[in-house]
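These notes are about the structure you will find just below.
In the text below, chain A, chain B and the rest are named by the order of the sequence lines, each starting its count at 1.
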Protein chains: 2
Amino acid sequence: MTADNAEQIRSVATQLFARHGYEGVSLQAIAERVGVTKQTLLYHFPSKDVLRKAVLDQVFSHWRERLPQMLEAVTSGHGRFDALTRELVRFFETDADRARLLVRELLDNPDEMRRMLAENLRPWVLLVAQYVREGQRIGLIHADVDPEAYVLTVITLVLANVSTNGIVEGVLGDSGGSGVRAARERQQNELLRLTKAALFKR
Amino acid sequence: MTADNAEQIRSVATQLFARHGYEGVSLQAIAERVGVTKQTLLYHFPSKDVLRKAVLDQVFSHWRERLPQMLEAVTSGHGRFDALTRELVRFFETDADRARLLVRELLDNPDEMRRMLAENLRPWVLLVAQYVREGQRIGLIHADVDPEAYVLTVITLVLANVSTNGIVEGVLGDSGGSGVRAARERQQNELLRLTKAALFKR
DNA sequence: CCTACCGATCGGTAGG
DNA sequence: CCTACCGATCGGTAGG
């Protein structure tokens, strides 16, 4: 079936682009993984760049779909911001390739990504920033927080943490075997603590 | 001169690998930029992978050289940690390609990078973590900070901020022309505020 | 025998 | 969707 193959190609391409980079993956390699010929791939996606954009579009569309759900958790107060950050971590952690792909695209095509992030993220960032301002007004949140910059910093940090969860383990983890999971958990706990501590008054 | 050509090749390779990725740059492209033939490049670096490792080694050696200098600033107290974070930002900002290269290598070769980061970074991370513990002992720093995880989180955040300084501008910046510089400065200020606020008691 | 290269070309594979 | 290919370029090596 055509739609099935096209979907499988896009899915495999997402995974391989995320792990080895756009230039590091050949159309042949993608086709082989799916079990079709390169020519079949080129029937569904007439060029490598078309495939790249299809992959990217799907990541953003998934994001646009999930973001409103995540934001429902945020209305006001302490625990809500925590829930949002947790949701953000979970969003990228359930599919770390999504985070890696975004970081790679950000490095490879900064201008295009700036545009796409502005389009897809801007309304939500401004909305959450308004919640922060509300928190500042009622004295729950430190007055010197820069709302928009804070939200972007948290997103950057979560993205970086998930996509390169390798920074941590080697440095934190002891030589023992149990160190990897524990180190990842420590890092994530500290991320949540840090983002909260930088926001709320005690 | 031979040493000169080898050095120029390594320098150009650093820049191009950082901007387009290892797989995205041909030996021909590097050689052309330097003004030598590809064969001359291969005389100095017998394979592309040898060149990759030479580039990476230089970045780490630069890091090993500068880190002790940065750490001299840290003894104790409020302003010292701030100075260290500022130095870290400056270190990567004066050559953003360094940050981009590290992030790319982290995505391309997570295992190798985990090992290299552990070797090169571990002693310094543990040292700064000890300063954090000292701060906790004298009641200057929040007791619930995870010292090692905190230090790594700050490094991750600085690295991510510098290497993908594109996240910000598109979302924060207005359509006007003056927005880019201002947005970058806002983001950096919030980074410094956030790392401090998450550490020190008020 | 060394160094620092050159012009030409190797076998394979890239995207299309 | 496949067979049959292309112009070009890939990383790497030959003799001198």
Under 4.0 Å from OP1 or OP2 of [N]: is there any side-chain N or O of [X] that close?
{"X": "N5(B)", "N": "dA4(C)", "answer": "no"}
{"X": "H44(B)", "N": "dA4(C)", "answer": "no"}
{"X": "S26(B)", "N": "dT9(D)", "answer": "no"}

Subject >> 4.5 Å side-chain heavy-atom contact, V154(B) and L199(B) >> reply: no
Original post:
How about Q58(B) and R10(B): do any of their side-chain heavy atoms sit closer than 4.5 Å?
Top reply: yes
Original post:
So what does V50(B) hit on the nucleic acid, given a heavy-atom distance under 4.0 Å: a base, only sugar-phosphate, or nothing?
Top reply: nothing
Original post:
What does L42(A) touch in the nucleic acid at a heavy-atom separation under 4.0 angstrom: a base, only the sugar-phosphate, or nothing?
Top reply: base
**OP:** Specify the residue among G35(B) and K38(B) whose closest nucleotide of DNA chain C lies further upstream toward the 5′ end.
**Re:** G35(B)
Atom pair distance, as rounded to whole Å: [atom1] in [X] and [atom2] in [N]:
{"X": "Y43(A)", "N": "dA4(D)", "atom1": "OH", "atom2": "P", "result": "21 Å"}
{"X": "E23(B)", "N": "dT13(C)", "atom1": "CD", "atom2": "P", "result": "15 Å"}
{"X": "L16(B)", "N": "dC10(D)", "atom1": "CG", "atom2": "P", "result": "13 Å"}
{"X": "I30(A)", "N": "dT13(C)", "atom1": "CD1", "atom2": "C1'", "result": "15 Å"}
{"X": "Q28(A)", "N": "dC10(D)", "atom1": "CD", "atom2": "C1'", "result": "16 Å"}
{"X": "L27(B)", "N": "dC10(C)", "atom1": "CG", "atom2": "P", "result": "19 Å"}
{"X": "K48(B)", "N": "dT13(D)", "atom1": "NZ", "atom2": "C1'", "result": "17 Å"}
{"X": "L41(B)", "N": "dT13(D)", "atom1": "CG", "atom2": "C1'", "result": "14 Å"}

**OP:** Find out whether the Lys NZ or Arg CZ of K196(B) is both under 6.0 angstrom from the six-membered ring centre of F81(B) and within 45° of the ring's axis.
**Re:** no
Subject >> R98(B) NZ/CZ over F91(B) ring centroid, <6.0 Å and within 45° of normal >> reply: yes
**OP:** Provide the distance between the two P atoms, one in dG16(D) and one in dA4(C), to the nearest whole Å.
**Re:** 22 Å
Original post:
Taking atom P in both dA8(D) and dG12(C), what distance in whole Å separates the two?
Top reply: 22 Å
Original post:
When you check the gap from the basic side-chain N to the acidic O, do E112(A) and R52(A) get nearer than 4.0 Å?
Top reply: yes
